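Everything on this sheet refers to the single structure shown next.
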Amino acid sequence: MTPGGVRGDLPEGWEAHCEQVLQGVEKLLGEVWHVMFNNAVFKSRAVGLGKITPDMIDRFGVVGPVARGSGMARDIRKDNPYLIYDQLDFNIETETAGDTYARAVVRWKEMHQSISLIRQILQRMPRTGPLHITLPNVLHLKVPAGETYVRAESTRGEYGYYMVSDGTAFPRKVTVRGPSYSHAMALLEHLAVGVNIADTHGLMLSLHTYPPEIER
Amino acid sequence: MKLRDILSPLYVWKRAFEKPYSIATLTEQRPGTPRYRGFHQNDIDKCIGCGSCAEICQNITIDMVPVKEAKDGDSGLRPRFDYGLCCWCALCVDICPTGSLKMSNAYTWVEEGLDKDVRDTFCFTPGVDAKPWDKEELGYKRPDNYELLHLDRVPMPHLQTEERISSFIEMVQGFSHEQAVKEADRCIQCGICTATCPAHMNIPAYIKAIREDDLEEGLKIMYETNPLPGVCGRICTRRCEDVCALSHRGEAISIRWLKRYLADSVEAQKYKDILASEVTPRNKKIAVIGAGPGGLSAAYYLLKMGYEVEIFEAKPAAGGMLRFGIPEYRLPYEALDKDINHILTLGAKLHLNTKVGKDISFDELHAKYDSVFISVGLFDSNRLAIEGETLPGVINGLDFLDDVTNGKIPQLGKHVLVIGGGNVAMDAARTARRLGSDVTVMYRRREIDMPADREEIEEAFEENVQFHFQAIPIRIEQTTDQRLSFLWGKAVMVQQEDGKRPVPVMIEGSSEVIVADTIIAAIGQSADFHWMEGKAITNIKFGRFNIEADRWGKTSDPKVFIGGDIFNRTADAISAIADGHRSARAIDSFLLAAKE
């Protein structure tokens with residue numbers, strides 16, 4: 001994507017190739033279910049690990065699949081739709097158990113959801129019309145001075161984007177805020193009490209914390 | 001623990017019977033896909049070194065480094081890439097005005113050895129530093145329907161042809177504010193035009209001023225190098241537009257029309273305050289002979305440096321060729337006077353109707369003034385040198401245009417012949433058209449050989465001027481009903497070596513006749529130096545057709561300088577203006593040195 005639109009159309013045969021890839025992923029997801037989710041070892045370690053109750057969600061600022069694993073049906077794509085999400089047909093995937101296993105299941109279900117979204121987008125994408133319009137000279141682009149805060153649903157959950165412009169072509173400040181700070185510091189500290197040392201890693205992974213994001 | 005949960009993971013054993021996904025070897029080359037954005041390629045002959053790639057790069061990857069010698073339209077610089085910074089977004093390829101920059105689909109580059117400075121590793125100038133991917137055909141090129149630049153000009157409104165030929169109203173109507181800002185926005189600010197302009201006007205800066213609506217600043221920028229912007233904004237030969245970066249794949253920026261918009265937008269009475277500057281009087285006097293663009297420009301810059309200037313002009317008004325040669329429909333007198341009056345408000349003493357050599361001697365000027373600048377132009381029309389050229393009704397182009405300027409409209413009759421192919425011939429032809437005659441232009445070479453401005457020739461065609469090419473004049477006779485009979489012969493073009501223009505040679509026995517009421521000869525002009533006589537010229541060295549002078553216009557007499565059509569080879573207004581400015585600085589150096 002560039003100023004004014006996109007550079008070109010989808011290459012020849014891309015849609016067929018995409019469908020092929022999606023089918024391959026679906027097959028793999030089926031295999032993953034057999035190998036990982038119907039797995040005694042995984043179940044014995046993940047079920048009951050790091051249980052998040054619904055009252056903890058607002059207390060610790062839990063978002064994304066981590067919150068949805070505890071039954072909270074919260075998804076910015078549905079609550080506050082942006083781009084074309086209000087035109088796409090999908091449900092918020094939840095589980096009720098609130099433990100590591102439930103969070104993994106939510107993520108597995110969301111992968112199927114993504115495949116469905118991609119198929120819908122490909123079907124609904126217009127096949128005619130301009131791909132690109134020439135904007136006023138991009139070398140002289142200036143963004144009006146001001147600030148904005150935008151939210152979007154990302155892999156880990158709700159992301160906040162704070163941008164400040166001083167009237168020139170370059171933003172003065174861009175801060176991206178993800179949930180890793182609250183998940184990795186406050187929540188993890190609370191959940192890690194009493195957990196087997198060997199399982200702390202799995203717990204942290206299930207919260208999908210990302211160390212660089214803890215302080216972006 | 002369910003039995004299913006113990007047995008289900010064994011499902012993974014089916015993989016033992018499937019083909020593995022992994023690639024067998026790490027050293028096998030995997031070529032990039034056809035449109036992959038890989039390492040850069042640059043056609044350094046097509047590249048003009050405009051620097052747009054460096055400008056748009058968001059990572060300061062590109063440095064413009066000197067590679068070739070700079071020439072008209074080519075800065076001599078070429079982009080050098082630092083792959084430690086590049087993110088391969090290809091915005092540089094997208095914006096390239098000539099289309100010389102491309103990307104191959106290569107993505108491996110191994111640098112060996114530690115002898116290089118770490119800041120130079122993975123840096124190269126594509127097209128100059130040979131690389132293995134130079135000949136690679138695949139890779140990213142700017143797609144066809146994708147353009148970051150606006151390649152088409154904002155069209156300039158002109159009067160319709162029927163309206164044009166019935167009067168002397170200015171043909172070009174000028175940009176509105178929106179049109180000017182839109183056209184100014186197209187400019188990529190590369191500055192290649194500035195080097196080509198004879199006066200080296202800071203074109204990107206004043207175009208930026210138009211875009212940002214800072215008209216006063218724009219006016220100041222123009223006056224730094226050109227005290228006649230309203231004039232040049234109408235009649236300049238615009239060499240800048242010929243080398244504009246956008247002209248390679250699209251239409252050049254309308255630099256001339258933007259200059260006109262800027263000069264027209266500021267009212268005449270505001271000029272004095274906007275262009276005011278500190279002037280330290282130098283108490284030296286300089287005589288300027290000729291109030292054309294050369295003399296006026298020299299006067300302006302000398303006055304700004306603090307000198308006293310007296311201008312001696314033989315004609316009844318200032319302007320030279322601008323007023324007496326260029327017709328009103330191209331350059332209205334109002335626009336010319338606006339620029340001239342500002343120069344005069346700085347304190348120049350203008351002596352009109354004063355011919356040096358008749359009303360005042362060159363000796364006197366040479367003795368009384370600390371320096372003399374001569375820019376008298378070429379007002380001596382070349383003769384046809386054929387029988388009958390003295391018959392009544394045969395006039396020369398410059399005299400004709402001079403008369404029309406002075407309000408002495410001659411009776412041309414129904415059919416007018418114009419002999420010649422230069423700008424004076426076009427001006428004379430189109431003026432005659434506007435006075436109601438049918439006009440035929442006779443030129444001895446072909447249409448593509450005509451030295452006149454291409455735009456003038458096209459407009460003459462639009463105004464229904466007829467043309468005969470490869471026509472050599474033989475004789476003029478008077479007919480029984482007081483008209484003129486013009487005898488001419490057809491010519492063939494004989495190619496010359498050394499890139500010289502092909503020469504027209506008349507076909508033996510060829511003879512054509514065309515009858516007209518008036519014949520206007522416009523076959524060239526030369527300098528007239530007869531007025532330069534007396535003791536004062538003892539130190540001045542004359543050549544065969546000119547006065548010898550160095551690139552500053554300084555003659556062999558150190559206090560005498562020349563400029564304009566009598567000095568340069570390009571013979572247009574902007575060259576005269578540049579000459580005046582350059583000589584003013586040389587005069588300043590000469591006088592400062594003389595003081596010590």
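None of these values were measured; they are calculated from a predicted model. Per chain, numbering begins at 1; letters A, B, ... match sequence-line order.
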Practice problem: Determine, stepwise, if the pair A:Asn137 / B:His150 fulfils side-chain contact (heavy atoms from CB on, under 4.5 Å). | Solution: CA-CA 8 Å; A:Asn137 200 328; B:His150 288 270; 5.7 Å; no

For [X], is the [atom1] atom crowded, meaning more than 12 foreign heavy atoms sit under 6.0 Å from it?
X: A:Gln123; atom1: CD; value: no
X: A:Tyr181; atom1: OH; value: no
X: A:His17; atom1: NE2; value: no
X: B:Glu136; atom1: CD; value: yes
X: A:Asn196; atom1: CG; value: yes
X: A:Met111; atom1: CE; value: no

Quiz item: Just by distance, do the side chain of A:His34 and the backbone of B:Leu10 share a donor-acceptor pair under 3.5 Å?
Solution: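 Not confirmed, A:His34 side chain does not pair with B:Leu10 backbone.
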
Quiz item: When only heavy atoms count and the cut-off is under 4.5 Å, which of residues 143-175 of chain A reach chain B?
Solution: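 Those residues of residues 143-175 of chain A which have a heavy atom under 4.5 Å from chain B are A:Phe170.
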
[X] versus [Y], closest heavy-atom pair with distance:
X: B:Leu148; Y: A:Pro3; result: CD2-O, 4.0 Å
X: A:His132; Y: B:Glu147; result: CE1-O, 3.4 Å
X: A:Asn38; Y: B:Pro9; result: O-CD, 3.5 Å
X: B:Arg35; Y: A:Asp9; result: NH2-O, 3.5 Å
X: A:Val6; Y: B:Tyr146; result: O-CD1, 4.1 Å

Quiz item: Given the options A:Val41, A:Ile133, A:Thr2, which has more heavy-atom pairs under 4.5 Å with chain B than any of the others?
Solution: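 Result: the option with the highest number of such pairs is A:Thr2.
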
Quiz prompt | Selection from A:Gly4, A:Pro11, A:Pro130 maximising heavy-atom pairs under 4.5 Å formed with chain B | solution =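 So the answer, after comparing A:Gly4, A:Pro11, A:Pro130, is A:Pro11.
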
Self-check item: Separation between CZ of A:Phe37 and OG of B:Ser8, rounded to the nearest 0.5 Å
Solution: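 The CZ atom of A:Phe37 sits 12.0 Å away from the OG atom of B:Ser8.
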
Quiz item: What distance separates B:Asn145 CG from A:Leu131 CG, expressed to the nearest 0.5 Å?
Solution: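 CG of A:Leu131 is found 7.5 Å from CG of B:Asn145.
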
Self-check item: Contact class of B:Lys182 relative to chain A, heavy atoms under 4.5 angstrom
Solution: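 Answer is neither: B:Lys182 stays 4.5 Å or more from chain A.
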
Self-check item: Residue part contacting chain A, namely of B:Arg4, when any heavy atom lies under 4.5 Å
Solution: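 Answer is both: backbone and side chain atoms of B:Arg4 are under 4.5 Å from chain A.
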
Practice problem: Step by step, work out the side-chain contact (heavy atoms from CB on, under 4.5 Å) result for B:Ile56 and A:Val138. | Solution: CA-CA 8 Å; B:Ile56 202 175; A:Val138 294; 4.0 Å; yes

Practice problem: Report yes if the side chains of B:Lys208 and A:His140 come closer than 4.5 Å at any heavy-atom pair, otherwise no. | Solution: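 With C-beta onward as the side chain, the pair stays apart.
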
Practice problem: For residues B:Asp5 and A:Lys43, determine if any side-chain heavy atom of one lies less than 4.5 Å from a side-chain heavy atom of the other. | Solution: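 SC-SC contact between B:Asp5 and A:Lys43 confirmed.
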
Practice problem: Any pair with a residue in residues 93-107 of chain B that passes salt bridge (charged side-chain N to carboxylate O under 4.0 Å, His left out), sequence neighbours left out, goes on the list, sorted by first then second residue, please. | Solution: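 Qualifying pairs: A:Arg7-B:Asp94.
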
